[in-house]
Amino acid sequence: MRPADAAGGAARSADPPRVVLGVAGGIAAYKACELLRRLTESGHRVRVIPTKSALRFVGAATFEALSGQPVHTGVFSDVPEVAHVRLGQQAELVVVAPATADLLARAAHGRADDLLTATLLTARCPVLLVPAMHTEMWLHPATQDNVALLRSRGIVVMEPASGRLTGVDTGPGRLPEPVEIAELARLLLERADALPHDLAGRRVVVSAGGTREPLDPVRFLGNRSSGRQGYALARVAAQRGAEVTLVSAHTADLVPPAGVRMVHVGTAEQLREAMLVEAKHADVVAMAAAVADFRPAALVDHKIKKTAGPPSLTLAMNPDILAELVGLRPAGQLVVGFAAETGDETGDVLFHGRAKLAHKGCDFLVVNAVGEGLAFEQPDNAGWLLSSDGGETELPSGSKALLASRVWDAVASRLT
Ligand code: C5P
């Protein structure tokens with residue numbers, strides 16, 4: 001596998017990564033077009049392999065135009081090229097989106113009756129299957145057994161999203177948004193090993209985003225935070241099998257992670273209340289939210305008029321939620337804190353991080369340098385993971401999902 005690339009998108013190599021995008025025959029096949037666009041725009045060379053029934057939903061011409069590559073479904077096209085072996089062997093990632101119940105069944109049982117399933121058998125790279133089907137089909141023991149079998153072989157089967165399906169019914173089985181699939185695809189290209197399903201049965205609570213402390217009905221004090229790191233933590237934990245609740249303060253326009261329960265809050269006090277409730281039964285709590293340290297001491301119930309000149313503000317301290325969660329944590333619970341540091345004349349970013357870990361008393365602290373062009377609102381992040389047992393691991397520059405996956409690696413090994 002390739003090492004992570006600091007520049008984002010494709011992994012570092014002379015050639016961009018080769019990705020096979022398999023498309024099975026479900027109504028969500030149209031969303032594969034957006035995923036294909038995202039993958040090619042990130043610089044990947046994508047070869048699309050639809051099943052015969054996928055082509056009843058989206059024409060081959062669409063996939064050929066968007067990928068710039070020919071499209072075949074059977075093993076009897078391109079015979080001198082031995083495509084059914086070569087495409088899988090050369091791929092650095094195979095993504096199948098949507099993966100129907102039938103595709104999952106064929107993949108689980110090693111069928112090779114078309115070009116896509118033959119490619120799945122010859123691929124030695126990471127494989128990401130993204131299910132989409134009706135809730136009944138997804139929850140059927142046959143499908144669940146196939147998914148468990150595929151996961152036991154190291155294949156990443158994404159948790160489907162919940163929501164409106166084709167027709168009037170709702171429930172788990174929706175194809176996750178293409179932006180989420182692309183994020184996970186990039187993560188699999190960046191990681192040097194597979195994404196394990198090692199948080200199965202664990203309850204994880206993550207906070208994300210910046211709190212907003214109202215001054216009057218239209219103004220607030222807030223923190224800069226896109227919420228991307230917290231959302232990536234929640235998304236990756238869910239894909240590693242955890243039951244995840246994401247307590248979200250204000251964020252950029254982000255897609256709620258598939259398979260994650262969302263709780264929306266506004267102020268630090270609301271975040272505190274939600275975290276105290278959610279953390280009670282959690283195995284792991286990760287506080288990635290940017291909590292405003294101060295709030296206006298009084299909320300003015302009407303818009304403050306500027307005609308009277310600038311108002312003088314009296315601020316009150318907000319509670320330190322992380323410290324409170326550490327103090328209240330049940331036996332065995334792990335608490336992960338985050339610290340955005342800039343370094344100053346008294347010490348560098350790491351020096352301040354070590355002091356904060358000791359002061360907050362959490363089990364892990366993710367320290368990252370912030371400033372112009374670093375971390376805030378960026379797709380990428382880097383830093384250090386400090387552990388209460390003295391461990392210090394550098395988190396090299398990569399996607400926020402990669403950083404999240406390294407945090408979960410450390411948490412999962414401490415949980416066992
Ligand atoms: O205290 P400081 O903001 O430097 O520490 C950052 C960590 O503490 C983050 O994990 C953040 O979510 C948490 N925090 C908190 N309550 C506050 C301020 C920060 O839980 N009032």
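Only heavy atoms go into these numbers, but all of them, side chains included; no hydrogens, no water, no symmetry mates. As the structure lists them, so they are numbered: ligands from 1, and atoms in each ligand from 1.
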Are side-chain N/O atoms of His250 and Asn223 paired as donor and acceptor at under 3.5 Å?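 Absent: no donor and acceptor within the cut-off.
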Examine the side chains of Arg295 and Thr267 and answer whether a donor and an acceptor come within less than 3.5 Å of each other.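 No pair is found: no donor N or O on one side chain lies under 3.5 Å from an acceptor on the other.
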[X] (side chain) donor-acceptor with [Y] (main chain) under 3.5 angstrom:
| X | Y | answer |
| --- | --- | --- |
| Asp344 | Gly347 | yes |
| Asp216 | Ile304 | yes |
| Arg186 | Gly398 | no |
| Thr143 | Leu139 | no |

Short N or O distance, [X] and ligand 1, threshold 3.5 Å exclusive:
| X | value |
| --- | --- |
| Ala290 | no |
| Ala292 | no |
| Leu322 | yes |
| Lys360 | yes |
| Ala339 | no |

Nearest-contact summary for [atom] - protein heavy atom, Å:
| atom | value |
| --- | --- |
| atom 16 (N) of ligand 1 | Ile321 N, 3.1 Å |
| atom 6 (C) of ligand 1 | Phe338 O, 2.9 Å |
| atom 11 (C) of ligand 1 | Ala289 O, 3.4 Å |
| atom 2 (P) of ligand 1 | Lys356 NZ, 3.5 Å |
| atom 21 (N) of ligand 1 | Pro319 O, 2.9 Å |
| atom 10 (O) of ligand 1 | Met287 O, 2.7 Å |

With a 4.0 Å heavy-atom cut-off (strictly under), which part of Asp293 contacts ligand 1: side chain, backbone, both or neither?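 It is the side chain that touches ligand 1; the backbone stays farther off.
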Would you tell me which option among Asn223, Val291, Leu365 has the nearest heavy-atom contact to atom 14 (N) of ligand 1?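 The option holding the nearest heavy atom is Val291.
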Counting from 1, what ligand 1 atoms have a heavy atom of Asp320 closer than 4.0 Å?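 Every atom of ligand 1 under 4.0 Å from some heavy atom of Asp320: 15 (C), 16 (N), 17 (C), 20 (O), 21 (N).
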Using a strict 4.0 Å cut-off to heavy atoms of Gly337, name the atoms of ligand 1 that fall inside it.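 Listed by number with element: 10 (O).
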Would you check, one step at a time, whether the test side-chain contact (heavy atoms from CB on, under 4.5 Å) holds for Val46 with Gln69? CA-CA 8 Å; Val46 187; Gln69 299 282 332; over 6 Å; no
I need the minimum non-hydrogen distance between Thr62 and Cys33, along with the two atoms involved.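 Closest approach of Thr62 to Cys33: CG2-SG, 3.8 Å.
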Going through the distances and angles, do Leu233 and Phe338 end up as a side-chain contact (heavy atoms from CB on, under 4.5 Å)? CA-CA 12 Å; Leu233 280 158; Phe338 278 73; 3.3 Å; yes
Answer yes or no: is there a side-chain heavy-atom contact under 4.5 Å between Glu269 and Glu273?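 SC-SC contact between Glu269 and Glu273 confirmed.
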